[in-house]
Amino acid sequence: MLRIQNYKNLTHIIFLSLIFIKFLNVLQGRIEIELFLIWITPMAIFYYFINKLMIKAYQWFCFVLLIYFLSSSIRVFGASAYWLDVAELIFVSLLFIQIMFGPKIINRMN
C-alpha cells in the first residue's frame, strides 16, 4: 500500500527529473535560459502547493500539464524528434498521471 510520504517522494522525483531534462536543453543550447525560466515558473508555483497536498492545486495543475504535454508532443511528433524531447514527453505524461490520481490517493490515506 502506498503511503503519503512514498507518494510525495515519487512526485518529487518526477518533478525534479522533468526540470533536469529541460535544463539539459538549456545546457545544450537548444533553448534560451529565459524560455526555461518562463517554462519553470508555473511548475515551481504548483510544486509549492502540491507539496502542501492542496487538492485544488492538483486539479488545476492537470490543466497546466496538458499545455506542457501539447508543447512537448509537437516537438516529438514534428519533423525531427530529439531524445530529450521524448524524455520530456514521457515525464510530463508520468507527472500528469501522478497528479491526476493524487487527490484520490491523499483522501484514501487520510
Side-chain angles (χ1 to χ4, degrees):
M1 181 127 203
L2 192 66
R3 293 181 308 183
I4 288 182
Q5 190 58 43
N6 292 345
Y7 174 80
K8 285 177 72 173
N9 289 341
L10 183 59
T11 305
H12 295 315
I13 289 169
I14 297 171
F15 258 106
L16 296 176
S17 298
L18 188 56
I19 291 168
F20 179 72
I21 288 169
K22 198 65 165 181
F23 187 69
L24 283 177
N25 281 318
V26 173
L27 293 178
Q28 291 183 356
R30 297 185 68 233
I31 62 170
E32 301 293 324
I33 189 72
E34 293 85 11
L35 183 61
F36 173 73
L37 293 175
I38 291 169
W39 181 88
I40 200 170
T41 301
M43 295 274 284
I45 292 168
F46 279 105
Y47 184 76
Y48 173 77
F49 290 110
I50 285 172
N51 198 29
K52 293 184 176 274
L53 301 176
M54 297 179 70
I55 301 297
K56 286 289 185 189
Y58 281 85
Q59 295 167 343
W60 279 102
F61 192 49
C62 279
F63 291 113
V64 173
L65 280 174
L66 289 175
I67 297 169
Y68 284 98
F69 177 80
L70 289 174
S71 67
S72 64
S73 64
I74 287 171
R75 287 189 313 277
V76 169
F77 300 113
S80 60
Y82 190 64
W83 70 273
L84 283 175
D85 297 333
V86 174
E88 180 182 342
L89 182 67
I90 291 169
F91 277 96
V92 166
S93 300
L94 287 173
L95 187 59
F96 180 80
I97 293 167
Q98 181 79 359
I99 296 300
M100 183 177 61
F101 287 112
K104 185 177 184 177
I105 293 170
I106 293 167
N107 284 335
R108 189 173 356 140
M109 294 185 195
N110 280 336

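Residue indices begin at 1 and follow the sequence shown.
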Legend entry - Whether over 12 other heavy atoms sit under 6.0 Å from Tyr82 OH: yes
Legend entry - Smallest separation among heavy atoms of Phe69 and Ser93, with atom names: CE1-OG, 3.6 Å
Legend entry - hydrophobic_cluster_shared for Ile14 and Trp39, side chain cutoff 4.5 Å: yes
Legend entry - Distance-minimising heavy-atom pair for Leu84 and Ile21: O-CG2, 3.6 Å
Inset, instruction - Verify, without hydrogens or angle tests, whether Arg30 (side chain) and Val26 (backbone) share a donor-acceptor contact under 3.5 angstrom. - result: no
Inset, instruction - Using a 4.5 Å cut-off on heavy atoms from C-beta on, say whether the side chain of Leu27 contacts that of Leu24. - result: yes
Inset, instruction - Without swapping roles, check the side chain of Lys8 against the backbone of Asn51 for a donor-acceptor pair under 3.5 Å. - result: yes
Inset, instruction - Verify the cluster assignment for Phe49 and Leu95: are they in a single hydrophobic cluster under the rule of side-chain heavy atoms below 4.5 Å apart? - result: no
Legend entry - Of Phe61, Trp60, Phe15, Tyr68, the residue whose pairing with Phe46 passes ring-ring contact (aromatic ring centres under 6.0 Å, His included): Phe61
Legend entry - ILVMFWY network linking Ile38 to Phe63, side-chain heavy atoms under 4.5 angstrom: no
Legend entry - Gap between atom CZ of Phe20 and atom CG of Asn25 - 0.5 Å precision: 11.0 Å
Inset, instruction - Look up atom CZ in Arg108 and atom OH in Tyr7, then write down how far apart they are to the nearest 0.5 Å. - result: 11.0 Å
Legend entry - Atom CD of Glu32 with >12 non-hydrogen neighbours under 6.0 angstrom: no
Legend entry - Closest non-hydrogen atom pair between Ser72 and Glu88, with its separation: CB-OE2, 3.9 Å
Legend entry - Test item: Ile90 and Leu94 side chains (from C-beta on) under 4.5 Å apart, heavy atoms: yes
Legend entry - Pairwise distance CG(Leu53) to CD1(Ile105) - rounded to 0.5 angstrom: 11.0 Å
Legend entry - Heavy-atom closest contact (Ile31 atom, Phe36 atom, distance): CD1-CB, 4.2 Å
Inset, instruction - Say whether Val64 and Ile55 are linked into one hydrophobic cluster, either directly or through other cluster members, by side-chain heavy-atom distances under 4.5 angstrom. - result: yes
Legend entry - Point-to-point distance, once rounded to the nearest 0.5 Å, from CD1 of Ile40 to CG of Leu35: 11.5 Å
Inset, instruction - Establish whether Leu89 and Met100 are linked, either directly or via other cluster members, by ILVMFWY side-chain heavy-atom contacts under 4.5 Å. - result: yes
Legend entry - Atom pair CD1 (Ile99) and CD1 (Ile50), whose distance is rounded to the nearest 0.5 Å: 3.5 Å
Legend entry - Asn107 side chain to Pro103 backbone, donor-acceptor under 3.5 Å: yes
Inset, instruction - May I ask you to decide if Leu16's main-chain N or O and Tyr47's side chain share a donor-acceptor pair within less than 3.5 Å? - result: no
